[in-house]
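Small disclaimer: the values here were computed from a predicted structure and weren't measured.
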Amino acid sequence: MNAGNDVFPRGVEIVSGAIIRRDGKILLTKSPKWHNKWVLPGGHIEAGERILEAAMREGEEETGLKLKPVTILLFGELINSKDFHRPAHFIFFDGIFDVIGGELKLQQNELTESKWLTPEEALKLDLADGYPETLQRYIGFLKSKV
């Protein structure tokens with residue numbers, strides 16, 4: 001049955017997001033692809049690329065920062081988000097990364113704005129679908145490490 005290909009011409013897309021952290025804060029970014037809502041940097045995992053490598057590559061490309069992987073935080077599925085600019089069926093993996101260098105310079109065709117915030121502050125932003133759950137999971141991860 002290929003009915004999904006009519007709705008989702010790209011099929012199921014495997015993507016990754018980067019929780020980029022520095023000094024107790026995380027980087028949130030605004031994306032035109034997500035109707036200018038706040039998101040984590042991220043993008044598609046390429047064939048042959050490992051999950052954390054893809055998230056790190058996307059995070060570095062979109063922010064100009066040099067990152068060090070910590071762990072994969074969670075995985076999930078997002079089907080036809082009202083916030084994304086086109087119909088899409090995503091399977092996503094979000095990883096945690098520490099900043100180890102570089103200077104914040106947003107990739108302008110992907111991101112328009114950025115803020116360093118605590119996870120609790122980030123939850124108050126106009127977040128795209130799925131991101132409140134990711135931030136809640138990250139807060140739980142931090143509490144488990146205390």
Side-chain angles (χ1 to χ4, degrees), residues 3-47 49-143:
N5 288 348
D6 295 338
V7 177
F8 306 113
R10 297 186 186 187
V12 176
E13 300 174 70
I14 316 265
V15 297
S16 59
I19 298 171
I20 298 173
R21 60 188 195 172
R22 180 179 70 192
D23 302 326
K25 296 188 174 185
I26 58 173
L27 183 66
L28 274 287
T29 57
K30 259 192 186 177
S31 171
K33 289 181 181 178
W34 290 89
H35 293 130
N36 288 313
K37 292 195 174 200
W38 293 93
V39 298
L40 298 170
H44 288 84
I45 298 172
E46 304 296 334
E49 192 173 36
R50 296 188 181 279
I51 294 166
L52 278 175
E53 289 171 357
M56 186 167 73
R57 174 185 52 76
E58 288 284 351
E60 290 180 346
E61 286 174 1
E62 292 184 0
T63 68
L65 298 169
K66 180 78 177 133
L67 305 176
K68 175 184 163 194
V70 176
T71 191
I72 295 171
L73 177 68
L74 78 152
F75 62 90
E77 186 171 40
L78 190 58
I79 300 174
N80 216 13
S81 167
K82 67 182 176 9
D83 294 329
F84 198 61
H85 71 103
R86 64 172 168 79
H89 179 169
F90 293 126
I91 301 221
F92 67 87
F93 297 85
D94 289 334
I96 301 171
F97 299 85
D98 288 331
V99 175
I100 57 171
E103 187 175 320
L104 182 61
K105 183 172 179 1
L106 298 181
Q107 188 178 23
Q108 291 302 311
N109 63 330
E110 293 284 336
L111 305 171
T112 58
E113 201 176 324
S114 66
K115 289 184 182 188
W116 289 99
L117 300 165
T118 66
E120 294 80 7
E121 291 168 334
L123 280 171
K124 296 175 185 169
L125 296 176
D126 185 17
L127 298 165
D129 268 353
Y131 288 96
E133 294 81 5
T134 297
L135 294 176
Q136 290 287 4
R137 180 72 69 92
Y138 179 63
I139 291 168
F141 170 82
L142 293 175
K143 288 180 179 171

Measure the shortest side-chain to side-chain distance between V12 and F8 over non-hydrogen atoms and say whether it is less than 4.5 angstrom. no
Could you tell me if the side chain of L123 sits less than 4.5 Å from the side chain of Y131, heavy atoms only? no
Could you walk me through whether K33 and E110 pass the side chain to side chain contact (heavy atoms under 4.5 Å, CB included) check? CA-CA 8 Å; K33 289 181 181 178; E110 293 284 336; 3.3 Å; yes
Please check this pair: side chain of D83 against backbone of D129, looking for a donor-acceptor N/O pair closer than 3.5 Å. yes
Any side-chain heavy-atom pair from S16 and D94 closer than 4.5 angstrom? no
One should read off an interatomic distance between N36 CG and K30 NZ, to the nearest 0.5 angstrom, of 6.0 Å
Check for a donor-acceptor pair, side chain of Q136 on one end and backbone N or O of E133 on the other, with a separation under 3.5 Å. no
Carefully, step by step, assess I96 and I26 under the rule side chain to side chain contact (heavy atoms under 4.5 Å, CB included). CA-CA 10 Å; I96 301 171; I26 58 173; over 6 Å; no
Close side-chain approach of L117 to L125, heavy-atom, < 4.5 Å: yes
How are the rings of F93 and F75 set to each other: parallel, tilted or perpendicular (split at 30° and 60°)? tilted
E62 side chain to G59 backbone, donor-acceptor under 3.5 Å: no
What is the minimum heavy-atom distance between A122 and L127, and which atoms define it? O-CD1, 3.6 Å
Nearest heavy-atom approach of G95 to L52 is CA-CD2, 4.1 Å
Nearest 0.5 Å, what's the CZ-CG distance between R86 and N80? 10.5 Å
Heavy atoms, side chains only, cut-off 4.5 Å: are L27 and T63 in contact? yes
Side chain to side chain, W38 and S31, heavy atoms closer than 4.5 Å: no
Taking the side chain as C-beta and beyond, is there a heavy-atom pair between L104 and S114 under 4.5 Å? yes
Using a strict 4.0 Å threshold on nitrogen-to-oxygen distance, state whether R22 and D98 make a salt bridge. no
Rounded to the nearest 0.5 Å, the CE atom of M56 sits from the CD atom of E49 at a distance of 9.5 Å
Passes salt bridge (Lys or Arg N to Asp or Glu O under 4.0 Å), R57 versus E61? Steps please. CA-CA 6 Å; R57 174 185 52 76; E61 286 174 1; 3.5 Å; yes
For T112 and L106, what are the C-alpha separation, side-chain angles and deciding distance, and is it a side chain to side chain contact (heavy atoms under 4.5 Å, CB included)? CA-CA 7 Å; T112 58; L106 298 181; over 6 Å; no
Spacing of CD1 belonging to I72 relative to CD1 belonging to I51, to within rounding of 0.5 Å: 4.5 Å
Least distance between heavy atoms, L40 atom then T29 atom: C-OG1, 4.0 Å
E103 versus L65, closest heavy-atom pair with distance: C-CD2, 3.8 Å
Would you say NZ of K82 has more than 12 non-hydrogen atoms from neighbouring residues, nucleotides or ligands within 6.0 angstrom? yes
In terms of relative ring orientation, are F90 and H44 parallel, tilted or perpendicular, with 30° and 60° separating the classes? perpendicular
Heavy-atom closest pair (R21 atom, F141 atom, distance to 0.1 Å) is NH1-CE2, 4.1 Å
Residue pair K68, F97: steps toward the side chain to side chain contact (heavy atoms under 4.5 Å, CB included) verdict: CA-CA 5 Å; K68 175 184 163 194; F97 299 85; over 6 Å; no
Which pair of non-hydrogen atoms, one from P119 and one from G24, has the smallest distance, and what is that distance? CD-O, 4.3 Å
So CG of L28 and NZ of K37: to nearest 0.5 Å the spacing works out to 13.5 Å
Checking side-chain polar atoms at under 3.5 Å, does H89 have a donor or acceptor matched by the opposite partner on E13? no
